[in-house]
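FYI, the numbering just counts along the sequence from 1.
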Amino acid sequence: MRWFGRNRNGTRLGAKLAGGMRASLHRGARALATGVAGMTALAGAPHATTAQEVDAAAIDAIFADIAAGMPGCAVGVYRAGEVAYRAGYGVANLDYDLPITPESVFYLGSVGKQFTAAAVLHAAEAGHLTLDDPVQKWITELRDYGTPVTVRHLIHHTSGIRDYLTLLGLAGIPFEVPLTDSDVVGLIAAQEGLNFAPGERYLYSNSGYFLLSQIVERATGDSLREYLETHFFGPLGMSSTRVHDDRRESIPNRVVGYQLAGDRARMDHPWSFDQVGSGGVYSSIDDMAQWDRNWFTEEVGGEGFSKRLSQRGVLNDGRELPYAFGLTMGNYRGQPSVEHGGALAAFRSHLLRFPALETTAMVACSFPTSDPGARARRVADAVLGDRLDAVVAEAPESSDASGAGDAAAASLSSEELDRFVGSWRASNGVQIAIERAGEGLVFVQNGQRAPVQILGEDHIGMAAVRVDMRLGDLRDGKYHHMDVTQGPQTFAAERVDPAGPTDWSLVVGRYYSRELDTTWTIETYDVDGGVGGARLVLQNGMRPLNPVGPDRFVAPGAQLEVEREGGRVVAFTVDAGRAQGMRFEREGS
């Protein structure tokens, strides 16, 4: 269970908002923590190689749910860049029944951001640009936002520039439609405002890393692909790795992504998507070992290069961020960690490195419910054992399958538990609910339910997926504000419980956004012969619209704040997580 939805390299509205809360949902928090109990055994041996002393059976058990003949995963364990274990599970291409092996080439999604950041740092140290250059020096199409946006802001996701993948979803542009880089630059440049002043906040933005790829090309004369091949992939011997900037080009050993529905699989692959920087990297478990080795040898970049890649972003008020150069700096079971995940279409990937222990786990998968981040942590548990701090035991679960599952819930009264209950919308655009279940609480997202731990009278969490929620603004018997921490990420959420009856006649109509060059329609619809409510009609589908206040409405992935003149709605602004403040004006009288 995640606060982040399925995304393209990070977030996409509609299908993802993609992924993102930039990703596939889990069956329940406890299932993630307990491992493979009850899972289907893998038929046939994995394609595995052990180079050092590793408990192969323990690692293979982590992937035992991947059935023979279905999409799957590959895993690598690296020690100072040397392969300690490598294996593949499942099928790379169902048309030809080709197995996944350590040589199979996966789309890595946002794991590729670290390559982009490394190229930018390398180019800066070669004198082609500086990290404090205004972005407009290189991307001249961008307007002046009043406060300088720098290359460094893009690297650390503190620029405030709206996420282009979210914008595409809002504009109703299907994922399958091929776009040129000029199209995407134009969409970003059309935005008349930022999410926030540069350096004021952290908000993950794929636009920043796409623009970094453009800056590399304009500053060095080489495309991001050419720059990485010349300065990184070639010298490191990463012969199967590429920045895929030409959708028509073949890729040897390419894995196909699939959505699963029961025992059926349907292709879900970024065939037409070739924007890079925010993602775009294809690689294999074997090649990623060479990349990991450079972290320790610094063959490319020179002495101190990895330390410079680990430099965290700093906000205007001096607060240090976990996010460095395409990598998140954190801690797992008492050990400093360096990691990043990725998601696009059906692909999921995760790199988890422990620099002090010179050990890295890399997992790449071809189906969306694979959760490589959780698998990578379990691989680390199996490989590092007692070199990691002990896991704090969770409270026992309720025998009620739908229950809250935490004995601490008994310490709160029914009235106190009800303070948490309701619908919540996060600052990243994702909406969830907290419900009562017996003497406890459950977390609900897209029909998936997971038990909630009661940690205090204003404090709840889900340890198995590293979610911590602290509540505040207690009014009318309900909390109205939530500060959420999920792993290295922090964000806020606000209560959005449905408001009372709405006079939809004041709201219905057509609304146009100049920034997105698209029109949304608000219309009512009938349920059982009566007017049941209203919905948004976008170019790519319809979304139900619900009131959560006198002038606020929510739809899946978006919140609308209306503007009135004489009681009549004349415009609204849209917040959609990684893209905020787009204005839509009513058409006609």
Side-chain angles (χ1 to χ4, degrees), residues 4 7 9-10 19-20 22-23 59 62-63 73-88 102 104-119 204 209 228 232-233 236 238 240-241 243 255 278-297 305-306 309-310 322-333 335-344 347-366 370-384 466 487-489:
F4 301 106
N7 64 37
N9 307 328
R22 260 182 251 342
I59 296 177
I62 296 166
F63 299 87
C73 301
V75 61
V77 177
Y78 315 132
R79 285 181 172 150
E82 299 300 321
V83 178
Y85 188 76
R86 57 198 281 274
S104 298
V105 176
F106 288 80
Y107 188 92
L108 298 185
S110 287
V111 168
K113 284 185 168 66
Q114 61 197 276
F115 296 101
T116 305
Y204 194 92
Y209 272 73
L228 283 168
F232 289 90
F233 300 158
L236 295 176
M238 299 174 66
S240 296
T241 303
V243 176
V255 176
S278 54
V281 175
Y282 281 80
S283 190
S284 67
I285 290 298
D286 284 354
D287 265 21
M288 289 299 290
Q290 314 311 313
W291 178 252
D292 185 64
R293 188 182 69 244
N294 194 66
W295 184 270
F296 301 98
T297 66
F305 191 65
S306 297
L309 289 174
S310 303
Y323 204 89
F325 279 66
L327 294 163
T328 298
M329 316 306 290
N331 187 286
Y332 178 66
R333 292 183 57 186
Q335 282 292 332
S337 62
V338 178
E339 65 182 301
H340 210 288
L344 176 68
F347 288 98
R348 301 291 184 269
S349 61
H350 203 92
L351 181 143
L352 174 62
R353 178 184 295 122
F354 298 91
L357 302 180
E358 296 190 341
T359 300
T360 301
M362 175 70 202
V363 179
C365 302
S366 60
S370 51
D371 197 354
R375 293 183 197 261
R377 281 172 171 73
R378 290 169 57 199
V379 169
D381 295 341
V383 171
L384 295 173
R466 303 192 301 157
Q489 308 297 329

Contact between Val243 and Phe115 at the side-chain level, heavy atoms closer than 4.5 Å - yes or no? no
When rounded to the nearest 0.5 Å, the distance separating CG of Leu357 from CD of Gln335 is 4.0 Å
Have a look at Ile62 and tell me which of Val363, Val75, Val379 forms a side chain to side chain contact (heavy atoms under 4.5 Å, CB included) with it. Val379
Drop me the distance from Thr297's OG1 to Gln290's CD, to the nearest 0.5 angstrom. 10.0 Å
Rounded to the nearest 0.5 Å, the OH atom of Tyr204 sits from the OH atom of Tyr209 at a distance of 8.0 Å
Nearest-0.5 Å distance that lies between atom OG1 in Thr359 and atom CG in Leu352: 10.0 Å
Looking only at heavy atoms, what is the nearest atom pair of Pro355 and Val338, with distance? CG-CG2, 3.6 Å
With Tyr323, which residues qualify under side-chain hydrogen bond (donor to acceptor under 3.5 Å, both in side chains), at least two apart? His157, His340
Side-chain contact test, heavy atoms from C-beta onward, threshold under 4.5 Å: evaluate it for Leu108 versus Met362 and give yes or no. yes
Going from CZ on Arg86 to OG on Ser284, what distance comes out if it is rounded to the nearest 0.5 angstrom? 8.5 Å
Shortest non-hydrogen contact between Val111 and Ser349, atoms and distance: CG2-OG, 3.2 Å
Among all residues two or more places apart in sequence or in another chain, which pass the salt bridge (charged side-chain N to carboxylate O under 4.0 Å, His left out) test with Asp292? Arg353
Which residues pass the side-chain contact (heavy atoms from CB on, under 4.5 Å) test with Ser366, sequence neighbours left out? Pro71, Ile100, Phe106, Val255, Phe347
Side-chain contact test, heavy atoms from C-beta onward, threshold under 4.5 Å: evaluate it for Trp295 versus Leu309 and give yes or no. yes
Taking every non-hydrogen atom, the tightest pair across Ser370 and Arg375: O-NE, 2.6 Å
Check Gly326 against Gln114 and note the closest heavy-atom contact, atom names and distance. O-CB, 3.6 Å
Restricting to side-chain hydrogen bond (donor to acceptor under 3.5 Å, both in side chains), what partner residues turn up for Ser283, sequence neighbours left out? Thr241
What residues form a ring pair (Phe, Tyr, Trp, His ring centres under 6.0 Å) with Phe232, not counting sequence neighbours? His122, Trp291
Kindly give the heavy-atom pair with the smallest separation between Ala376 and Ala361, and that separation in Å. O-CB, 3.9 Å
Compare every heavy atom of Gly279 with every heavy atom of Tyr107, then report the nearest pair and how far apart it is. OH-C, 3.8 Å
Compare all side-chain heavy atoms of Ile285 with those of Tyr78 and state whether any distance is below 4.5 angstrom. yes
How far does CG of Leu327 sit from NZ of Lys113, to the nearest 0.5 angstrom? 11.5 Å
Across all chains, not counting sequence neighbours, the side-chain hydrogen bond (donor to acceptor under 3.5 Å, both in side chains) partners of Asp381 are Tyr332, Arg333
